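What you are looking at is a predicted structure, and each value in this text was computed from that prediction instead of being measured. Naming: A, B, ... by sequence-line order, numbering from 1 per chain.
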2 protein chains.
Amino acid sequence: MSAERSSRRSPPRARGARVEAFDPFGQPHPAVAVDVILFTIAGRELRVLLIDRQLPPFAGHKALPGGFVRVDESLDEAAARELEEEAGVRVRWLEQLYTFGALERDPARRVISVAYFALIDAAGLAPRAGTDATAVGWFDVRRLPKLAFDHAQMIAYAHERLRYKTEYAPVAFQLLPNDLTLGQLQAVYEVILGKPLDKRNFRRKVLGLDILEPTGELRQEGRGRPAALYRFRARRFADLGGGVVLDF
Amino acid sequence: MSAERSSRRSPPRARGARVEAFDPFGQPHPAVAVDVILFTIAGRELRVLLIDRQLPPFAGHKALPGGFVRVDESLDEAAARELEEEAGVRVRWLEQLYTFGALERDPARRVISVAYFALIDAAGLAPRAGTDATAVGWFDVRRLPKLAFDHAQMIAYAHERLRYKTEYAPVAFQLLPNDLTLGQLQAVYEVILGKPLDKRNFRRKVLGLDILEPTGELRQEGRGRPAALYRFRARRFADLGGGVVLDF
DNA sequence: GTTCAATAGTGTCTATAGGACACGAAATGA
DNA sequence: TCATTTCGTGTCCTATAGACACTATTGAAC
C-alpha cells in the first residue's frame with residue numbers, strides 16, 4: 001500500500017483526515033500505488049525484503065517497498081523504480097501479482113495497490129537504504145514482524161504464487177548465480193516448497209528439462225566432494241512463464 | 001480502458017487535450033478503471049460481451065463493459081457494478097485477471113485498468129443495454145471486431161487464463177445451468193480448449209473428480225437417446241480456485 | 001597417512017494418470 | 001421399419017513420478 005511513503009510528495013498533515021485524490025471533474029478518486037515483494041534465499045530460508053516506515057500511517061512498522069505510481073511511468077516501471085529508490089536493489093525480472101483494492105486497506109485514504117513480486121540471488125543480499133527508506137532488511141517469510149497495511153496478505157499470496165510457479169516454470173534460477181550446482185538448485189526448491197526432495201528424482205527431472213548445460217568445471221561447496229557446475233540456458237527469459245524482463 | 005465511459009461523469013471536452021487526475025497534493029495522478037470480460041457459450045462458440053462506445057476516445061468502437069472505480073467501492077464491487085449498469089448482467093462470480101497500466105493505452109489520459117473476467121450460462125444470453133451503453137452484444141472470441149483501447153489484448157489474456165483454469169479447476173460449470181448432461185459439459189470443454197476430447201476418457205476423468213451427482217432424471221437433448229442429468233456439487237465455490245463470490 | 005565427516009553422483013521398480021481406441025443401446029423422424 | 005442421432009461403456013499402452021541405497025571424492029581431524 002504505500003500511502004505517504006514517498007516523503008518527497010507527502011508533507012505532514014493532520015491525522016485522521018481522509019484525504020483523497022480527484023479526477024479531472026473534481027470527483028474524489030482512488031490513488032494508485034505499487035508494492036514489491038522481493039524474495040531471496042539465504043541460510044536455507046526464504047526471505048523477503050522489508051523497510052521501516054517513517055511516516056504515518058503505520059509509522060515505525062515494517063512494510064514492503066513501494067509508492068505511488070507517477071503519471072509518466074508504467075506500472076512495471078513504477079515497481080522497478082520504487083524497488084531501486086527505497087531499497088537500492090535492481091532486478092532483472094518482475095511479475096505482477098495482484099491488485100489489492102479493499103476500501104480500508106489504507107486507513108488514511110483510498111489507495112489501490114498493484115503488487116509485484118521479484119526474485120534476486122544471494123549476491124544482492126546487501127541492499128542499501130534508499131532515499132525514502134532508512135532501514136532495509138531481510139526477513140524469514142515464516143517469521144514476519146507486524147506489517148503495515150495488508151502487506152502480510154500480499155506476502156502470503158506472493159509466497160503461494162512462487163510455490164505454484166516453481167512447479168512448472170524455471171523461476172528458481174533467479175535465486176541463484178549464473179553458474180550453479182544441482183545441490184544448490186535442489187536446496188532452493190526445498191526451501192520454496194517447504195519439503196525435502198529426493199535427490200535422484202530431482203536430478204532426473206531437472207536434467208530432463210534440457211535447460212541446464214554443464215560448464216565442465218567443478219566447484220567446492222564447503223567440504224565434501226566437488227560438484228559439477230551447470231549454467232541455466234535462459235532463452236532470453238522466454239520460458240519464465242510471464243512477467244516483465246527489464247533490459248538494462 | 002474505460003476512460004470516459006461513464007457519461008454521467010464525463011462531459012464532452014476538447015479532443016487531444018490530456019486531462020489528468022490529481023492527488024491530494026496537486027500532483028497529476030493516474031485514474032483507475034475496471035473492465036470486465038464476460039464469457040458465455042452459445043452455438044458451440046465462446047462468446048464475449050461487448051458494448052458500443054458513445055463518447056471519444058474510440059467513439060463508435062466496440063469495447064468491454066467497464067468504468068472508473070469510485071472512492072467508496074472496492075475493485076470487485078466496481079467490476080460487478082459496471083457489468084450490471086452497462087450490460088444489465090448480474091454474475092455470481094468474478095475473478096481478477098490482470099492490471100493494465102501502459103502509458104498510452106488510453107490516448108486521452110492516463111488510466112490504469114484492472115481487468116476482471118466472469119462466466120455466465122446461456123440463460124443470461126439476453127443482456128439489456130444499461131444506463132451508459134446503448135447496444136450490447138455477444139461476439140465469437142475468434143472473430144472480434146476492432147476494439148477500443150487494449151481490450152483485444154485483455155480478451156486474449158482472459159481466454160488464455162480460462163483455458164489454463166479449465167484444466168485444473170471446475171470453472172466450466174459456471175457456463176452451464178445447474179442440471180447438466182455430460183454431453184453438454186464435454187461440449188463446453190471442447191469449445192474452451194478448442195479441440196475435440198475423447199468421450200470415454202472425459203467421462204472417466206470428470207466422474208472421478210467426485211464433483212457431480214446424478215439427479216436420477218433424464219433429459220432429451222434434441223434427438224437421440226436421452227442423457228442422464230447431473231448436478232454440480234459446488235462446495236460453496238470453495239474449489240473454484242480463486243476469484244470472488246458475490247453473495248446476493 | 002589413516003580415518004572420519006560431508007557432499008556428489010548414480011539406476012530400478014512400481015503405481016498412477018492419461019491417451020488411443022469401437023461398439024451396442026435408446027430415442028426421434030422420415 | 002429404417003436411418004439417424006446421441007448416450008453409455010472397458011481395455012491396453014505409455015509416460016511420469018515416487019520410493020529406495022550405495023559408491024565416489026574431497027577436506028579436516030587425529
Rounding to a whole Å, what distance do you find between [X]:[atom1] and [N]:[atom2]?
X	N	atom1	atom2	answer
A:R219	C:dG9	CZ	C1'	17 Å
A:L207	D:dT16	CG	P	15 Å
A:F202	D:dT16	CZ	P	18 Å
A:R44	C:dT7	CZ	C1'	12 Å
A:L180	C:dA8	CG	P	12 Å
B:L197	D:dC7	CG	C1'	17 Å
A:Y168	D:dA17	OH	P	16 Å
B:D198	D:dT9	CG	C1'	12 Å

Is a donor on one side and an acceptor on the other found under 3.5 Å between the side chain of [X] and the backbone of [Y]?
X	Y	value
A:H151	A:A63	no
A:Q174	A:A118	no
B:Q186	B:L197	yes
A:R219	A:T181	no
A:R203	A:L182	no
A:D198	A:N201	yes
A:R90	A:E84	no

Problem - Charged N-O contact under 4.0 Å between A:E77 and A:R81 - result: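 A:R81 and A:E77: not salt-bridged.
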Provide a list of protein-nucleic acid N or O atom pairs under 3.5 angstrom, restricted to nucleotides 15-17 of chain C.
none

Problem - Under-3.5 Å donor-acceptor pair between B:N201 side chain and C:dA20 base - result: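 For B:N201, whose side chain was compared with the base of C:dA20, there is a donor-acceptor pair (under 3.5 Å).
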Exercise for the section: Return the nearest nucleotide to the side chain of B:R203; candidates are C:dT10, D:dG8, D:dG18. Expected result: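 The answer is D:dG8.
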Handout entry: Of B:R163, B:R44, B:K195, the residue whose pairing with B:E190 passes salt bridge (charged side-chain N to carboxylate O under 4.0 Å, His left out)
Key = B:R44
Problem - Inter-end axis angle, the helix from C:dG1-D:dC30 to C:dA30-D:dT1, with every axis fitted to five base pairs (rounded, 10 degrees) - result: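 Between the first-five-pair axis and the last-five-pair axis there is 0°.
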Practice task
Please name all residues satisfying ring pair (Phe, Tyr, Trp, His ring centres under 6.0 Å) with A:Y98, sequence neighbours left out, ordered by chain then number.
Solution key: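 Scan of A:Y98 (ring pair (Phe, Tyr, Trp, His ring centres under 6.0 Å), adjacent residues dropped) gives A:F100, A:Y157.
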Problem - Point-to-point distance, once rounded to the nearest 0.5 Å, from CZ of B:R47 to CZ of B:R142 - result: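 Rounded to the nearest 0.5 Å, the CZ-CZ separation comes out at 10.0 Å.
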Handout entry: A:L162 side, atom CG; A:E95 side, atom CD - distance, nearest 0.5 Å
Key = 9.5 Å
Exercise for the section: Tell me which residues in residues 183-192 of chain B put a heavy atom below 4.0 Å from DNA chain D, sorted by number, or none. Expected result: none
Completion exercise
5' to 3', nucleotides 21-30 of chain D under a 4.0 Å protein heavy-atom cut-off (B base, S sugar-phosphate only, - none) gives B--BBBS---
For a quick test of your reading: what N or O donor-acceptor pairs under 3.5 Å do the side chains of residues 222-232 of chain B make, sequence neighbours left out?
unit_1, atom_1, unit_2, atom_2, d
B:R231, NE, B:D179, OD1, 2.8
B:R231, NH2, B:D179, OD1, 3.1
B:R231, NH2, B:D179, OD2, 3.0

Handout entry: Side chain proximity check, B:Q96 to B:Y116, heavy atoms < 4.5 angstrom
Key =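 Yes, their side chains come closer than 4.5 Å.
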